[in-house]
Undergrad: 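There's a structure below that I have some questions on.
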There are 2 protein chains.
Amino acid sequence: MDKSLLELITSELHKRNMRLTMPRRRIMEIFALSGRLQTAQDLYLSAKKEGLPVGLTTIYRLLGILTEIGLARTYLLNGETKYIFCSPQHHHHLICTRCGMYREIFECLVLPMETTDFQPESHHLDFFGVCYNCAEKCKTAPKG
Amino acid sequence: MDKSLLELITSELHKRNMRLTMPRRRIMEIFALSGRLQTAQDLYLSAKKEGLPVGLTTIYRLLGILTEIGLARTYLLNGETKYIFCSPQHHHHLICTRCGMYREIFECLVLPMETTDFQPESHHLDFFGVCYNCAEKCKTAPKG
DNA sequence: TTATCTGCAAAAGGTTTGCAACTGA
DNA sequence: TCAGTTGCAAACCTTTTGCAGATAA
């Protein structure tokens, strides 16, 4: 994981009297490097698979913290709660509805909104579609 | 509730061998006219308050159907699952983070996204902020 | 050194399911 | 008429909480 990102996380944690522990660091790395939507269970199993002796509780607590800091976002897809690791900068998401992969784009594609009776404070834009890999798979193995 | 919307819903239900029952109709009206994010519980209580003898199960089942048809969308806010009633046309949402009120805007404010290795199929854009009423309240009763 | 964190087990609470009676088309 | 719907109660399962031992700063 990027060093400046780790420093940001550390400082955000310390601001809140929290600590950068080994389990937190390892789980965040797994999360950030996965590049796809993750459930708490997914992360738990990935951590186990990498030999990290972690509890589900710790995963939930970390996801709560990251969400609060703004480094994770929650989606409810197909009845499942999924988490995306988020860069600190403003960005949009391209999300593959087939495999759960996502990508961040940092160019803001939102036109200014003109209203007098609503004060916008932030916005979220997500594109849902098919990633390159899944599109290729469809070509070689068409369903039916 | 708008007549053409009701017809659309009816036809969507019939397409799936489903029926427009009295409870469904009443719950949808409450939902659509509320103009704010609703939990299943919220709708259940509103229905009860209006003298509709409905079960929570029916609410959940209806919300599932509406979501599938595209007439509802799910948000996970502050750990609560909230539902928005959605018009059939493409639209964005203005959501008040203070009171849960929302509004649809039908002008698409999203610039075309240029990528070769992702096929976008749809997008969701939500603006979060403060609605007129809440802004007024803040002026007259500043916190602190 | 000590406030914070961890993981287990247990509790909580939202959501789904099975089923017998009911109802829209 | 009868396939689909309803609401209750129970089951399910994800998420949270309490707590004693471990650990970052």
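To find a chain, count down the sequence lines: A is the first, B the second, and so on, and within it residues start at 1. Hydrogens, waters and symmetry mates are skipped; everything else that's a heavy atom, side chains included, is used.
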Undergrad: Would you please name every residue forming a ring pair (Phe, Tyr, Trp, His ring centres under 6.0 Å) with B/F128, sequence neighbours left out?
TA: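 A/H124.
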Undergrad: Would you please name every residue forming a side-chain hydrogen bond (donor to acceptor under 3.5 Å, both in side chains) with B/D117, sequence neighbours left out?
TA: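 For B/D117 the side-chain hydrogen bond (donor to acceptor under 3.5 Å, both in side chains) partners, ignoring immediate neighbours, are A/R103.
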Undergrad: Quick one: does any side-chain atom of A/Y102 pair with a main-chain N or O of A/F85 as donor and acceptor, under 3.5 Å?
TA: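 Indeed, once roles are kept as given, a pair shorter than 3.5 Å links the two residues.
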Undergrad: Measure CG/B/D42 against C1'/C/dG14 and give the value in whole Å, please.
TA: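 After rounding, the reported distance stands at 13 Å.
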Undergrad: Look at the side chain of A/Q119 and the backbone N and O of B/C131, then say whether any donor-acceptor pair between them is shorter than 3.5 Å.
TA: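 Not a single qualifying donor-acceptor pair exists.
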Undergrad: How does protein contact run along nucleotides 7-17 of chain D, one letter per nucleotide 5' to 3', with B for base contact, S for sugar-phosphate only, - for none, heavy atoms under 4.0 Å?
TA: BBB----SSBB
Undergrad: What residues in residues 11-21 of chain B put a non-hydrogen atom under 4.0 Å from any atom of DNA chain D?
TA: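 Residues of residues 11-21 of chain B under 4.0 Å from DNA chain D: B/N17, B/M18, B/R19, B/T21.
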Undergrad: Donor-acceptor pair, B/H14 side chain versus B/E12 backbone, under 3.5 Å?
TA: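 Pair absent, no side-chain N/O of B/H14 close to backbone of B/E12.
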Undergrad: Rounded to the Å, how far apart are B/L62 CG and D/dT5 P?
TA: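 Checked: the CG to P distance equals 11 Å.
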Undergrad: Is it true that the side chains of A/D126 and A/Y75 contain a donor and an acceptor less than 3.5 Å apart?
TA: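 A/D126 vs A/Y75: donor-acceptor pair found between side chains.
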Undergrad: What's the CG-P distance between A/L66 and C/dC5, to the nearest Å?
TA: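 Interatomic distance, CG of A/L66 to P of C/dC5: 13 Å.
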Undergrad: Taking only side-chain nitrogens and oxygens of B/R24, does any of them come within less than 4.0 Å of OP1 or OP2 of D/dT6?
TA: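 Checking B/R24 against D/dT6: at least one side-chain N or O falls below 4.0 Å of OP1 or OP2.
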Undergrad: Within this structure, what is the CZ-to-P distance between B/R25 and D/dT6, rounded to whole angstrom?
TA: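 Value for this atom pair: 14 Å.
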Undergrad: Report the residues that fulfil side-chain hydrogen bond (donor to acceptor under 3.5 Å, both in side chains) with A/R98, sequence neighbours left out, ordered by chain and then residue number.
TA: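 Per chain and number, A/R98 pairs via side-chain hydrogen bond (donor to acceptor under 3.5 Å, both in side chains) with B/E121.
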Undergrad: Whole angstrom is fine here: how far is it from CG in A/L76 over to P in C/dG14?
TA: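 My rounded result for the distance is 15 Å.
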Undergrad: So for atom CG, which belongs to A/N78, do other residues, nucleotides or ligands contribute more than 12 heavy atoms lying within a distance under 6.0 Å?
TA: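 Incorrect, the count does not exceed 12.
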Undergrad: Would you kindly give the CD-to-C1' distance between B/E80 and C/dG14, to the nearest whole Å?
TA: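 One finds 11 Å between C1' of C/dG14 and CD of B/E80, rounded.
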Undergrad: List in chain and number order the residues that pass ring pair (Phe, Tyr, Trp, His ring centres under 6.0 Å) with A/H90, two or more places apart in sequence or in another chain; answer none if no residue qualifies.
TA: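 Per chain and number, A/H90 pairs via ring pair (Phe, Tyr, Trp, His ring centres under 6.0 Å) with A/H92, A/H123.
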Undergrad: Tell me: CD of B/Q38 to P of C/dT15, nearest whole Å?
TA: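 To the nearest whole Å, that distance equals 14 Å.
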Undergrad: Can you measure A/I9 atom CD1 to D/dA24 atom C1' for me and round it to whole angstrom units?
TA: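 After rounding, the reported distance stands at 17 Å.
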